[in-house]
Each structure stands twice: as C-alpha cells, then as structure tokens.
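Take a look at the structure below.
Numbers for residues simply follow the sequence, beginning at 1.
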Amino acid sequence: MRGWRRAATLAVAGAGVLALVLSGCTPQASADVDVPEQVQTSLPEETVAQLQDAVTSAMAVTGSTGAIVGVWAPWSGTWVTGLGTQGPGGAEVTADMGFRAADVTRAMTCDIVYELAEAGTFSLDDAVSTWVSGLPGFDDITLGQLCAGTSGLGSYQPILANQVLSNPGRGWNERELMAYGVASPRRNDPGAAFADSDTNYLLAGLAVERATGQELSTLIAERVAQPLGLDATSLPGPTAAAPSSNALNGYWSQPNADGAWNCSDPGNYTVSSASFGAGDSGAVTDITDLGRYAQALASGALLSEENDRFAAPLPVSADSPTWFTAAGGAYQAGSLIGQYGSAPGYIVGAFADPETGMSVAVVLNNSGANGIAGAWLAWELAAIASKAPAADGRSVPEAGLPWTAQQMRDNLGTIAICPPAQ
C-alpha cells in the first residue's frame, strides 16, 4: 500500500443517506491518493536545515511567532514540525495543532461541485441563478465559471474586513455576504478571464447545498474529509471558536496611522467565526491533513480519471509568470497544484506534485501580510525539497521547478511587514 493511501470507511445514516440516494449521488466510501510510495524516514539534516531557515525567515517578515510545516518527498523522506511559540513568550508550537485552512477551503468546495457534476446532479454549464436564488440578472454566470474563477464577480471580504477586525466572533449570514459580493463591481465579463474572488466559492457552496439539501459542512465531511481520512478537517458552524481544542494561536497585525505595523503585540484572532469564510475560507485542519489533502487535490483522488478539472488553466494575471495559472478552484505552479491564502490569524499554503508525490504544507500565525506569502513560502520549500538526495534504492525525480528557492525568498522580502532588524 502506498504511503499516503488511506482508506477511511464512511458511515452515514438516516435522512442524510436517503437524501443522497434520492439525488443519485451517494458519496464514495473511501478514496486512494495515487502517488509514489513515501520513504519512511526523515529528510536529510542538510535539507531540513535549509527548510527550517526558509520558514523562520518567512516568520520574521510576516510577524509570525509560530509556524507549522510539513514536507513530504517520497524518494527522500519527510519533515513535519512546529516552529516558534504561541505568542511572545508563549508555549512552543507543536506539529499537531489545528488552524484555519483559509483558501484551501475553495478547493474543497469545488471538489463537491465537480463530484455532483460527474454524478449528473447538475451541469457545470447551469446558470448559478438556477441553484442560488436571489440572483436576478446573473443568468450569464455558470457553476463552472465559479470554480474556474471566470465569473467576473467582485469580492465581499475586503469590504467587510474592518468589521471582522473589530468583531471576529460575529456569525455571518451567507446571504448577507452574497449581497456584498454580487453588489461589488464586476471585474470582467463572465468567461473572459480569471479574476480572484471569494464570492465565487461562497456561491458555489450555496449551490451545492441547494442541489443536495445538505449543509456544506456535511458535504465536506462526507465527500472530502471522510473518504480521504482527514480526521482534523471540517467546516465549523457560525459559533465563534478556536480551530481546534489544541489550536495554533492566530494573530493579525495592523498598521498604525503612520503606516508602522504592530508586530510586537498583534491582535489575537484565534477565536473567531468560520461563517465569514464559509465555502471560501472557513474550514479548519492540521498539517498532516493539509499535506494529504494537497496530494489528493493534485492527483484527482476524489474524481474519476476522465475528469478534466485542471485541463484548461488560465493565466492568473497579465503580469504573472507563464507557469502560474488557475483552474478548478486551485492554482498550478509549474508541476505543483494547490491553494494558498489567508483567514483571520493565519496564512496558509499547500501544494503537491501529482507525478513525484512531493507535497508541502505550511501555516504562519499572523495574517497581516499579503496572503501570497503562503504560496511563496510553499514554493521555496518545494524548491529545496525537490533537490533532496534519494534514499537507498530510490532516485531523485528528473523534473524540476521553474523557480529557485532564493527567488521565492526574495519575493517574500518585498511584502515584509516586520522586516528583520538590520
């Protein structure tokens, strides 16, 4: 059995099962993540030293006191650890702590969209207004465009960020969030280009709820977490809570009137409501689950082999590198597929290579910096891990990445909110 193939028995009962049977789309009981077998040993000390230096550097520039990281290189070994502390002078961070999955939630929501489309519950070409009421005049936007990121819709989170800052425990009604999102100026005509928008995944979550008669939290549990054996992954309800009973503390630095960031005493946002993120960024997880999910996403473990989810990637922007594209509720960076972003208190990045099986996952515990820090740090780690020497009887994959670790380190320096003292 391959190292990350984990069969998880799905047990559901009662009305939930009946509803799914009637809709003709019973979730699969288990899913195999088909990647090369993982060598059961630690990564070499030299590789670990480089990885740790990359993470601690990123912690410094983002004002994070703690981080959790997982790197899996099937031909060489693994490195899963917590770094830093829970806050200034706080307890040490451990690898088993829970945190918010941030925009990785988007990929999970779209997993369900593509599963239901394969089952014939709806078509990706259906107008979103068919499955989400209260959207007059939006018949030109399809369900497929929501996950492709080509709906042209604006975002709701930037509009409401100050309210979350002042009241992170508030429970949000998804319809209220939707109203802010669809009222925002459109970024482009539907289907014209990729444009990042949290509203896409909020609407996708509402659509799958309407199509199945189940809450998105149940769908993520039954169709994503349970088949993949992700025991620490879920979409919490609206009640304010920490990501888990053993959570990584999450902080959110803010600039003062003079533009200087508060990096010594940032606000604590560990306890907040997942309802603001909903189908876009509301899920919680831990580093082992996040790394496993990245491999499942990249390898298409939850969908049929014929699925073309990532077949038509689009440029992320006009000035992005040609190797950085978007499709299917995820990003593609060279040979890697994954997601990145932020939620109050956390910056997250998780990417995997479906051919080599390499997976990297990381969380930083301060969301003040640009969320792309999650991608750049994950890519820096991937560049280092891709060169890890092979264990006995194995060989280093020939395929490389179109960037260097130093390039990603330099990128992170450009968005530093808490630059190291000179």
Side-chain angles (χ1 to χ4, degrees), residues 55-56 58-70 81-105 157 160-172 198 232-255 261-278 280-290 339-350 361-375 377-378 415 417-418:
V55 178
T56 54
M59 289 168 60
V61 300
T62 60
S64 300
T65 66
I68 307 174
V69 58
T81 192
L83 297 172
T85 64
Q86 285 280 54
E92 291 186 359
V93 172
T94 58
D96 59 344
M97 290 176 170
F99 51 87
R100 302 197 185 280
D103 294 33
V104 176
T105 311
Q157 292 186 6
L160 301 170
N162 285 338
Q163 293 192 43
V164 176
L165 273 167
S166 61
N167 186 12
R170 173 182 171 177
W172 292 86
D198 46 53
T233 301
S234 66
L235 180 63
T239 301
S244 72
S245 59
N246 179 32
L248 174 68
N249 285 350
Y251 299 92
W252 192 351
S253 288
Q254 290 293 309
W261 288 82
N262 179 3
C263 297
S264 61
D265 186 27
N268 189 325
Y269 288 80
T270 309
V271 176
S272 61
S273 173
S275 62
F276 184 66
D280 172 75
S281 52
V284 298
T285 190
D286 68 11
I287 206 69
T288 301
D289 276 14
L290 187 60
Q339 257 292 1
Y340 71 90
S342 63
Y346 308 90
I347 292 176
V348 171
V362 66
V363 57
L364 301 165
N365 76 337
N366 190 327
S367 60
N370 190 311
I372 200 170
L377 177 54
I415 59 171
I417 63 170
C418 305

Please report the shortest heavy-atom distance between Gly66 and Val93, naming the atom on each side.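 Between these two residues, the closest heavy atoms are CA-CG2, 3.9 Å.
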
Over all heavy atoms of both residues, which pair between Pro236 and Ser234 is shortest? Give the atoms and the distance, please.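 Here Pro236 and Ser234 meet closest at CD-O, 3.5 Å.
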
Among residues at least two apart in sequence or on other chains, which ones pass ring pair (Phe, Tyr, Trp, His ring centres under 6.0 Å) with Phe276?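 Ring pair (Phe, Tyr, Trp, His ring centres under 6.0 Å) check on Phe276 returns Tyr156, Trp172.
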
Would you check if [X] and [Y] make a side-chain contact, meaning some heavy-atom pair closer than 4.5 Å?
X      : Y      : result
Ser281 : Gln157 : yes
Thr65  : Pro88  : yes
Trp252 : Asn268 : no

Do Glu92 side-chain atoms and Thr85 backbone N/O form a donor-acceptor pair below 3.5 Å?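 Answer holds: no.
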
Looking at Arg100 and Thr270, would you say the former's side chain and the latter's main chain have a donor-acceptor pair under 3.5 Å?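 Indeed, once roles are kept as given, a pair shorter than 3.5 Å links the two residues.
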
Set of side chain to side chain donor-acceptor pair (under 3.5 Å) partners for [X], sequence neighbours left out:
X      : answer
Thr285 : Thr233
Ser244 : none
Thr81  : none
Gln163 : Arg170

Roughly how far, to the nearest 0.5 Å, is the [atom2] atom of [Y] from the [atom1] atom of [X]?
X      : Y      : atom1 : atom2 : result
Leu160 : Asp198 : CG    : CG    : 9.0 Å
Ser64  : Leu83  : OG    : CG    : 11.5 Å
Cys263 : Gln254 : SG    : CD    : 11.0 Å
Tyr251 : Asp265 : OH    : CG    : 9.0 Å

Residues in side-chain contact (heavy atoms from CB on, under 4.5 Å) with [X], at least two apart?
X      : value
Ile287 : Ile68, Val80, Phe99, Leu290, Ala361
Thr94  : Asp96, Met97, Asn246
Ser253 : Trp261, Pro266, Asn366, Ile417
Thr105 : Ala101, Thr109, Ala283

Contacts of type salt bridge (charged side-chain N to carboxylate O under 4.0 Å, His left out), residue Asp286, not counting sequence neighbours: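 With neighbours one apart ignored, the set is empty.
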
Identify every side-chain donor-acceptor pair in residues 339-349 under 3.5 Å, counting partners at least two apart or on other chains, and give the distances.
{"residue": "Gln339", "atom": "NE2", "partner": "Gly329", "partner atom": "O", "Å": "3.2"}
{"residue": "Tyr346", "atom": "OH", "partner": "Leu248", "partner atom": "O", "Å": "2.5"}
{"residue": "Tyr346", "atom": "OH", "partner": "Gly250", "partner atom": "N", "Å": "3.3"}

